[in-house]
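Following: one structure in structure tokens, then a few remarks.
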Amino acid sequence: MTATIDTENALFELPLDVADARAWAHDFAVKYIRPAAADYDAREETPWPVIQDAAKAGLYTAEFALQAFTDPSGLMLPVVAEEIFWGDGGMGQALLGTFLPLAALMGAGTPEQIRTWTPEFFGSVEQPAVAALCASEPDAGSDAANIRTRAEFDEPSGDWILNGVKTWATNGGIAGVHVINATVDRDLGARGHALFLVPPGTLGISQGQKFSKHGLRASHTAEVLLEDVRIPAGLVLGGKDALDARLAAAREHRKVRVPAAMAAFEATRPSIAGMAVGVARAAYEYALDYAKTRVQFGRPIIANQGIAFMLADMATEIDAARLLAWRASNRLARGIPLRNAEGSMAKLKASEVAVRTTEQAIHILGGNGYTRDYPVERWARDAKIFTIYEGTSEIQRLIISRAISGIRIE
């Protein structure tokens with residue numbers, strides 16, 4: 001099936017370094033991800049050999065990640081994410097899952113913390129590592145302000161002590177570094193939260209239940225248990241002095257910055273949209289090729305308007321979703337506020353396009369699409385998560401409606 005990039009319909013010309021990264025990521029997806037995708041999906045295992053292949057190729061390194069995060073156009077992350085997830089959603093999540101905790105580190109960490117910990121997130125070519133951002137809890141999913149995991153500062157030892165249970169953590173328990181969202185002052189709600197780095201080998205942190213999932217099965221998702229986890233004072237992102245100042249301002253009802261975990265989700269929404277576009281594009285391209293070659297009643301099924309119009313809508317929706325992702329990411333890179341929640345618009349549109357496109361691809365393939373002999377059923381299973389994780393579609397609509405109205409809609 002289709003394995004080339006449509007450069008003529010790239011919507012507008014990409015900066016040369018972004019275009020090169022796009023081709024690089026696409027080539028990797030063709031050579032390493034697509035051939036192994038069905039096997040890792042069936043086994044529900046983290047594709048460590050492919051992660052190492054990505055490290056050897058330079059795609060899974062601290063250097064490339066920092067280049068992508070600091071790209072002045074803002075397009076490198078969503079563009080690369082689209083190509084990797086075009087290869088496969090589950091393996092894509094395994095490869096790019098570390099980018100979410102990195103976004104938290106980049107957004108909330110000090111320059112010294114970023115320099116020190118970014119290499120730890122990725123490990124080495126010989127021994128690659130993954131990192132995890134642990135935000136959700138059993139009783140705090142969309143209600144992020146309600147987290148119960150506590151971080152208490154022990155003055156005599158100068159340590160933070162973390163206790164709690166995290167859930168739905170990508171790479172949770174197998175990560176080298178875990179980034180933990182914890183409450184320091186529950187009375188302040190989300191304004192009393194902070195992010196903490198838990199280094200490899202720290203006592204008291206362990207994996208709980210590993211989830212067997214509907215989709216993204218090559219990506220490890222699990223609970224993370226924290227029992228009297230002690231970390232040095234300097235491992236709160238941004239530093240303890242800055243945290244103390246922020247908490248003091250919040251207690252005095254002065255304006256404080258968006259909580260770091262929420263800021264990380266906001267920063268990565270355009271890239272999540274790019275991931276969803278990648279899955280949608282994979283399904284569309286497969287269905288298009290199938291419709292051109294599948295003959296019924298003496299002609300290819302694409303000759304029927306019912307099929308052709310469905311594919312026309314798929315192509316249109318995918319391009320629209322991609323443009324929304326690129327717009328939001330470009331605005332963030334240029335420091336332009338997303339006053340109308342453009343990041344949420346991109347995530348909402350792309351996630352729902354991915355679900356709709358993959359379902360339509362199954363329909364176009366008919367009975368074949370419902371079997372595991374064809375990849376569209378896997379892509380449909382992968383697509384659903386985009387309407388749920390990192391803010392459900394309903395949460396995105398809530399964010400957008402509040403932004404455009406100026407009213408706190410409940």
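This one's a predicted model, so the numbers in the text were calculated from it and none came from an experiment.
A donor and an acceptor atom, one from each side chain of Arg230 and Ser157, are located under 3.5 Å apart. A donor and an acceptor atom, one from each side chain of Lys210 and Thr221, are nowhere located under 3.5 Å apart. Side-chain contact of Trp86 with Glu285: a donor-acceptor pair under 3.5 Å is present, judged by distance alone. Side-chain contact of Glu44 with Ser212: a donor-acceptor pair under 3.5 Å is present, judged by distance alone. Asn146 and Asp139 share no side-chain donor-acceptor pair at under 3.5 Å. Between Thr357 and Glu317, the side chains place no donor N or O within less than 3.5 Å of an acceptor N or O (distance only, hydrogens not considered). For the residue pair Gln93 and Ser219, no side-chain donor N or O sits within less than 3.5 Å of a side-chain acceptor on the partner.
A salt bridge is defined here as a Lys NZ or Arg NE, NH1 or NH2 lying under 4.0 Å from an Asp or Glu carboxylate O, and Asp88 with Arg378 meets this definition.
Aromatic rings of Trp160 and Phe196 (six-membered ring for Trp) have centroids within the 6.0 Å cut-off, being under it.
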Kindly list each side-chain donor-acceptor pair under 3.5 angstrom involving residues 198-208, sequence neighbours excluded, with atom names and distances?
residue	atom	partner	partner atom	Å
Thr202	OG1	Pro199	O	2.7
Gln207	OE1	His220	NE2	3.1

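Arg115 pairs by the side chain to side chain donor-acceptor pair (under 3.5 Å) definition with nothing, not counting sequence neighbours. With sequence neighbours left out, Glu223 forms a side chain to side chain donor-acceptor pair (under 3.5 Å) with no residue at all. Take Asn368 and apply the side chain to side chain donor-acceptor pair (under 3.5 Å) test, not counting sequence neighbours, and it matches Tyr290. For Glu390, the side chain to side chain donor-acceptor pair (under 3.5 Å) partners two or more places apart in sequence, or in a different chain, are Thr268.
Each side-chain hydrogen bond (donor to acceptor under 3.5 Å, both in side chains) pair with one or both residues in residues 64-80, not counting sequence neighbours, appears once here: Asp71-Ser73.
In this structure, the side chain of Gln52 does not engage the main chain of Pro49 through any donor-acceptor pair within 3.5 Å.
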